[in-house]
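Encoded as structure tokens, the structure appears first; notes follow it.
Note on naming: letters A, B, ... go to the chains in the order of the sequence lines (proteins, then strands), and numbering restarts at 1 for each one.
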Amino acid sequence: MITEQLAGLLSAAVTSACQSGELSIPADTTYDIKLETPPDKQFGDFSSNLALVLKKATGIKDSRVIAEAICRYLPTDQKLIMRTEVAGPGFINLFLNPEWLYNCLQTIRERDTAYGILDTSTGERVLIEFVSANPTGPISVVNGRAAALGDVLGNLLTSQGCEVAREFYINDALNSLQLNVFSRTVQARYLQQLGYALLMPDGRLEPGAVSNSSASGTISFPEKGYPGEYVTDIAKAIVQDIGDTYAKPTLQIFSPTPTVTQAEVDETDAYFRKVTLGQMIQAQRNALEAFGVQYDCWFMESSLYEAGSVEATIKTLSERGYTYTKDGALWLKSTEFGDTEDRVLVRSNEKATYIAADAAYHVNKYQRGFTKLIDILGADHHGYVARLQASVAALGYDRTQLEIVITQMVSLLRDGEAVIGGKRKGIVLELKEDLIDEIGKDAARFYFLLNSYETPTTVDVELARRQSNENPVYYVQYAHARLCNILRKASEVGILPPVNNVDYYKLLTHPRELDLLRRLADYPGEVTLAAQRYAPHRLTRFAIDLAGLLNLFYENCRVLPTRDGDVSQELTLARIALVDGARIVLRNLLTLLGISAPDRMDRLDSNTAPAAER
RNA sequence: GCCUCCGUAGCUCAGUGGAUAGAGCAACCGCCUUCUAAGCGGUAGGCCGCAGGUUCGAGCCCUGCCGGGGGCACCA
């Protein structure tokens, strides 16, 4: 990397300046050499604030003096550094031989799909757990943020040499009250499909579905039942599958005076739970796959109970002395690990709490050999972080290996009004039906990857759908399609991209060409930075920026020969190489974001564009 | 009350302690005989919430205040 090379030269220059006595710094001084891209080209290719940083160590008041001393010991033999300049309060501006950019283009075309990817393994094994929505509802638009973040973060860490696994945690444990209520709701809808009317909590009567059975009567919709339409869909599927097989016992369960035996109730409940859970998980999986997210593992909470892990974890905590009994419940001394209060592990009714299962789950993650655990949680789980970390620490695991990423809220706007409520109120905007099916996977992903997860954001669903054409994803994809089009057109007239040859590249001297090359050179560093900061949106912004530079190049630098013959054959070849390099970078970039890079996009006729409808 | 995130252009948001604070959308004016106009050029739009502090330098760091979101269960 060029920046490392330059940092090495700067470091050597400081050493030389010290040896010659021009500078003196204490032997134990440590300093980072930062190389930045100046805001304006007139300040050179790179600039460093090294002299400003060394001010204290040297005791010299004027940083410009330090900067000048360093510059005297930089090799300005024209091979790499053309000239140096001291500017402002003491910046060292470096002007490089453009050859470095040509070498970079060569690297891009040689590396191709591997450009921007580190070959060396870090040995780090990362587990990213994200979304993990309760199996009582579909994947919602709000889940899209975590889904996009987790997936792309996985790509980014993989590109930096980590081994990454993606995981979805299914809250299917038997003590989940919500799941019971949910299953009951399905049962009510099942009976409705068979012809029974439902008495809703608000007193309304919902008629039974038309059915050829003679079933009739009224049953009450379960208290706090789930109102969403997807519940009815599951019921319909069950009817299709088994007909009225479970009609009798289910009806009895809803009767004020049930005559059914407990064994029959259990059997019926078990059936509905199983089918309901299976359907929900499948629906969630489908929605996430439509979003381009593939998990390596769907981990069931119930498996922890079945394996006795929850019990074992509680036992371990007790043996390590971090539990006590109070009010008939077993408590975790989480305050000893920084939590604001102690937490209940086992309730007085002897059922384990969620934190107990979660502690066991994280033990399981550690035991599988992962060296870094990343949990992506929504802002509403913020208060949960301390106790989770405390439980892990109490179990003797390295808390620093557990990183909890909190994504800020996504609020929804529909018809200009905030949509509040979620599953319990029946207003669920589904990621697949309400967004992906409307605007496509690419636009949906791009939308969520545009902003930092640390900022609360608002999704106006109508706007997101209607203005799909104004989504910047098309700007980026169009730029890629244009590049492909040039290459396609070129090959049609028998011009093929030239073999890697820096002699050709030297013809690329137009400012727009140099701007573009410079940005292509920045790419690997941007990927690294985005990975280090868990900031996929940096790449999204980079993509928009790069597309802008490509358009400028396109407007100003003709690639293929014209009738007037104002583009020489050599220049055409050089520019085709540049187009090829840009195509590679843009494609790699979109691939990291999980967004397709189309070879062509049909030109929109302004008369038929959605914009004309408004 | 405590914890936490946010406050930057009309809207949605970027912004590595650094030089003249940016993009997309929306608005206005132009540009298709030419590699795709999903494009390009131009105009307009800003006490970076407020007040102190730290320093050569603060949109960024610290403190306080104001405003908004979220969280503070033997729910998950």
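Under 4.0 angstrom from either OP1 or OP2 of B/A73 there lies no side-chain N or O belonging to A/Y354. A close approach under 4.0 Å does occur between a side-chain nitrogen or oxygen of A/N551 and OP1 or OP2 of B/C40. Remark: A/R538 is in phosphate contact with B/U16, judged by side-chain N or O atoms under 4.0 Å from OP1 or OP2.
Contact annotation for A/Q42: base contact, defined as any heavy-atom pair under 4.0 Å involving a base atom. When heavy atoms are screened at a 4.0 angstrom cut-off, A/D40 is found touching base atoms of the nucleic acid.
With no hydrogens or angles considered, a side-chain donor-acceptor pair links A/R518 and A/T37 at under 3.5 Å.
In RNA chain B, stems built from 3 or more consecutive Watson-Crick or G-U wobble pairs, each with both distances under 3.5 Å, span B:1-7 with B:66-72, B:10-13 with B:22-25, B:27-31 with B:39-43, B:49-53 with B:61-65.
A heavy-atom distance below 4.5 Å is found between the side chains of A/L23 and A/I60. Side-chain atoms of A/Q477 and A/S596, non-hydrogen and from C-beta on, do get closer than 4.5 Å to each other.
Taking the ring axis of A/F337 as reference, the NZ or CZ atom of A/R399 does not stay both within 45° of it and closer than 6.0 Å to the ring centre.
Residues A/L552 and A/V346 each lie close to RNA chain B; by heavy-atom proximity, the contact nearer the 5' end of the strand is made by A/L552. Heavy-atom distances to RNA chain B give each of A/V559 and A/H382 a nearest nucleotide, and the one nearer the 5′ end belongs to A/H382.
The aromatic rings of A/Y324 and A/W331 lie parallel to each other, their planes meeting at an angle below 30°, with 60° marking the opposite boundary.
Proximity note for A/M601 (side chain, C-beta onward) versus B/G70, B/A38, B/A76: the nearest is B/A38.
If you measure from atom CG of A/L578 to atom C1' of B/C35, you get 14 Å, rounded to the nearest angstrom.
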